[in-house]
Every structure is written in structure tokens, then in C-alpha cells.
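Reading through the C-alpha cells given below for one structure.
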Amino acid sequence: MMASHTDALTRGNCFKLLAACFYEPEKDLFVEENLCQNLQDLLDGWASGAAKAASDMGLALLSTEQEQLSLAHAELFIGPFELIAPPYGSVYLEKNRQIMGDTTMGVLKSYQEAGLSVDEKEPPDHIAIELEFMSFLSTREAEARARGDAGGAEKFFEKQKDFYHNYLRWVPNFCEAIKKGTKSPFYQSLADSLDRLMVTCRKCYGRR
């Protein structure tokens with residue numbers, strides 16, 4: 001059974017908020033926008049384990065200084081030394097762990113087929129960009145359901161399903177690398193929230 005309009009919209013908003021957390025952290029903005037609380041509210045009742053992790057994110061955010069957040073983010077995802085948790089899908093999906101591999105080109109093709117272009121400094125398979133794409137597809141699905149367009153809704157749902165199975169298989173390993181590689185409570189809880197959301201999405205999108 002496919003999702004309702006509300007389920008699709010909730011899913012899309014969750015992807016959007018989680019995506020924001022993988023860019024350069026801005027503590028004041030996150031707090032001002034109630035990012036963690038909003039994420040928790042969205043997940044509550046839909047992905048309860050992920051909601052608890054989002055709550056932990058909020059508590060960690062309040063007790064962490066901006067400098068600590070920025071340092072943890074850099075160590076995990078940017079460098080200058082070896083990355084603890086590379087945020088690029090191809091590193092996990094390609095046999096030689098290369099950036100900009102065949103899977104990256106597949107991701108880019110998915111964006112282009114959906115009518116999107118990527119104007120980012122990062123490769124197309126950066127975790128934040130991929131989550132934003134899933135948010136886009138989920139939101140379009142929700143809009144189609146709201147206007148009674150069952151065919152359009154199914155099309156966007158199938159695009160999510162294909163992208164999830166083809167290009168997001170790496171996310172559990174990525175989350176595990178974060179949880180093992182950082183002492184930052186915020187990023188540990190972020191990884192836990194994303195990981196648990198992926199489990200819920202597996203039930204939604206089914207297995208292959």
C-alpha cells in the first residue's frame with residue numbers, strides 16, 4: 001500500500017531537514033529555526049526510533065559550541081586529513097572507493113531526468129544533495145496526491161523507490177562510520193536519526 005498525502009509530505013520534510021544538517025553547521029540558525037524539534041515532531045508516530053534520536057540531537061545542539069560543531073563536521077566530512085565518514089555515495093558503492101564514479105553519474109542522470117540541475121561545489125552524490133532530491137520527489141508525490149492525480153503520485157513514488165534502492169544503499173555504512181568515528185553527540189545522534197529513518201523507508205519502499 002502506497003503512502004497517503006500526509007505520509008509523503010512528512011517524508012519529504014524529514015529528508016529536507018536531515019539534508020540541512022550535513023552542510024556546514026550553523027548552530028544559531030538551527031536553534032532559531034527549531035530544526036531538531038521540528039524533525040522530532042515530524043518523525044514522532046512515524047519513525048519513533050528516529051524521533052528519539054532527533055530529540056537527542058536537539059539536546060546535544062544546545063550543549064555544543066559552534067566551534068565544536070564546525071570542527072566535528074570538518075573532521076567527519078571535509079578534511080584536510082583522511083575523512084572519517086566521506087559523505088559521497090560512490091566511495092561506498094564503487095569497488096575502488098573512488099569519488100565521481102559510475103554511480104555518481106547515475107545519480108546525476110536521475111536528477112536530470114527529474115528536470116533538475118545541480119549547482120553545487122560538491123559531487124552530485126553528496127549525502128545532503130541526495131536527501132534533498134528525495135525531499136523533492138516526496139513533495140511532488142504529496143502534491144499529486146493532494147490534487148487526486150494517482151498516476152502522477154505513483155510516478156514520483158516509483159522514482160523515490162528506484163533512487164532509494166539504487167543509490168542510497170550506502171547510507172547505513174555511512175551512518176555507522178559517523179557513530180564510530182566521532183565523539184560529537186550531535187553528529188552521533190544525527191547519524192542515528194538518519195539510519196533509523198532509512199529503516200522506516202525500507203518498509204515504505206519495499207525490498208528488491
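Side-chain atoms of Ser135 never come within 3.5 Å of backbone atoms of Leu131 as a donor-acceptor pair (strictly under, hydrogens ignored). Between the side chain of Ser63 and the backbone N or O of Ala60, at least one donor-acceptor pair lies under 3.5 Å. Side-chain atoms of Ser110 come within 3.5 Å of backbone atoms of Gly106 as a donor-acceptor pair (strictly under, hydrogens ignored). At least one donor-acceptor pair under 3.5 Å links the side chain of Asp125 to the backbone N or O of Ser90. When atom types are taken as modelled, the side chain of Tyr164 and the backbone of Gly206 share no donor-acceptor pair closer than 3.5 angstrom. At least one donor-acceptor pair under 3.5 Å links the side chain of Asn38 to the backbone N or O of Asn34.
With respect to the salt-bridge test (charged N to carboxylate O, under 4.0 angstrom), the residues Glu158 and Lys155 do not qualify. A salt bridge does not link Asp7 to Arg11: none of the charged nitrogens lies less than 4.0 Å from a carboxylate oxygen.
The distance from atom CE of Met57 to atom SG of Cys21, rounded to the nearest 0.5 Å, is 4.0 Å. Separating the CG atom in Leu71 from the OG1 atom in Thr64 is a distance of 11.5 Å, to the nearest 0.5 Å. Arg145 CZ to Phe157 CZ: the interatomic distance, rounded to the nearest 0.5 Å, is 7.5 Å. Atoms CG and CD, on Leu29 and Glu32 in that order, are 6.5 Å from each other to the nearest 0.5 Å. Atoms OG and NZ, from Ser184 and Lys179 in turn, are 14.0 Å apart once rounded to the nearest 0.5 Å. Once rounded to the nearest 0.5 Å, the distance linking OG1 of Thr139 with CZ of Phe156 reads 10.5 Å.
Residues satisfying the side-chain contact (heavy atoms from CB on, under 4.5 Å) criterion with Gln66, sequence neighbours excluded, are Pro25, Lys27, Ser70.
When all heavy atoms of Ser138 and Gln160 are compared, the closest pair comes out as OG-OE1, 3.0 Å. Looking at every heavy atom in both residues, Ala144 comes nearest to Ala153 through CB-N, 3.4 Å. Closest approach of Tyr205 and Lys161 over heavy atoms only: O-CE, 3.0 Å. Between Leu35 and Ala20, the shortest heavy-atom distance links the atoms CD1-CB, 4.1 Å. Residues Glu132 and Ala19 approach most closely at CG-CB, 3.6 Å, considering heavy atoms. Scanning both residues, Ala50 and Ser193, for their nearest heavy atoms gives O-OG, 3.4 Å.
Between Phe77 and Phe174, the ring-plane angle classifies as tilted under the 30° and 60° cut-offs. Classification of the His73-Tyr187 ring pair by plane angle, with boundaries at 30° and 60°, yields tilted.
The side-chain heavy atoms of Cys14 and Leu39, taken from C-beta on, include a pair separated by under 4.5 Å. Considering only heavy atoms from C-beta on, Gln68 stays 4.5 Å or farther from Phe186 through its side chain. Looking only at side-chain heavy atoms (C-beta outward), Leu190 and Leu18 come within less than 4.5 Å of each other. Under the 4.5 Å side-chain criterion, counting only non-hydrogen atoms from C-beta, Thr200 is in contact with Trp46. Counting only heavy atoms from C-beta outward, the side chains of Pro124 and Tyr111 approach each other to under 4.5 Å.
Other residues, nucleotides and ligands contribute more than 12 heavy atoms inside 6.0 Å of the CG atom of Asn173. Within 6.0 Å of CD in Glu67 there are 12 or fewer heavy atoms belonging to other residues, nucleotides or ligands. For Glu24, the CD atom sits in a packed shell: over 12 heavy atoms of surrounding residues, nucleotides or ligands are nearer than 6.0 Å.
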Any chance you could lay out the side-chain contact (heavy atoms from CB on, under 4.5 Å) test for Ile129 and Tyr23, step after step, and finish with the verdict?
-> CA-CA 10 Å; Ile129 301 174; Tyr23 287 115; 3.9 Å; yes
Between Leu42 and Leu17, is a side-chain contact (heavy atoms from CB on, under 4.5 Å) present by the stated rule, with each step listed?
-> CA-CA 10 Å; Leu42 288 166; Leu17 292 179; 3.7 Å; yes
Could you go through the side-chain contact (heavy atoms from CB on, under 4.5 Å) check for Trp170 and Val91 one step at a time?
-> CA-CA 9 Å; Trp170 64 283; Val91 174; over 6 Å; no
Begin with the C-alpha distance, continue with both residues' side-chain angles, and end with the deciding distance and a verdict on side-chain contact (heavy atoms from CB on, under 4.5 Å) for Leu61 and Leu69.
-> CA-CA 8 Å; Leu61 182 65; Leu69 281 176; 3.6 Å; yes
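Judged by distance alone, the side chains of Asp41 and Gln37 do bring a donor and an acceptor atom under 3.5 Å apart. For the residue pair Glu94/Thr103, the side-chain donor-acceptor check at 3.5 Å is satisfied. A donor-acceptor pair shorter than 3.5 Å cannot be found between the side chains of Glu75 and Thr182.
The hydrophobic cluster containing Leu9 does not contain Leu197, counting ILVMFWY residues as joined when their side-chain heavy atoms lie under 4.5 angstrom apart, directly or transitively. Taken together through direct or relayed side-chain contacts under 4.5 Å among Ile, Leu, Val, Met, Phe, Trp and Tyr, Phe133 and Met105 form part of one hydrophobic cluster. Each of Met134 and Val199 belongs to its own hydrophobic cluster when Ile, Leu, Val, Met, Phe, Trp and Tyr are linked at side-chain heavy-atom distances under 4.5 angstrom.
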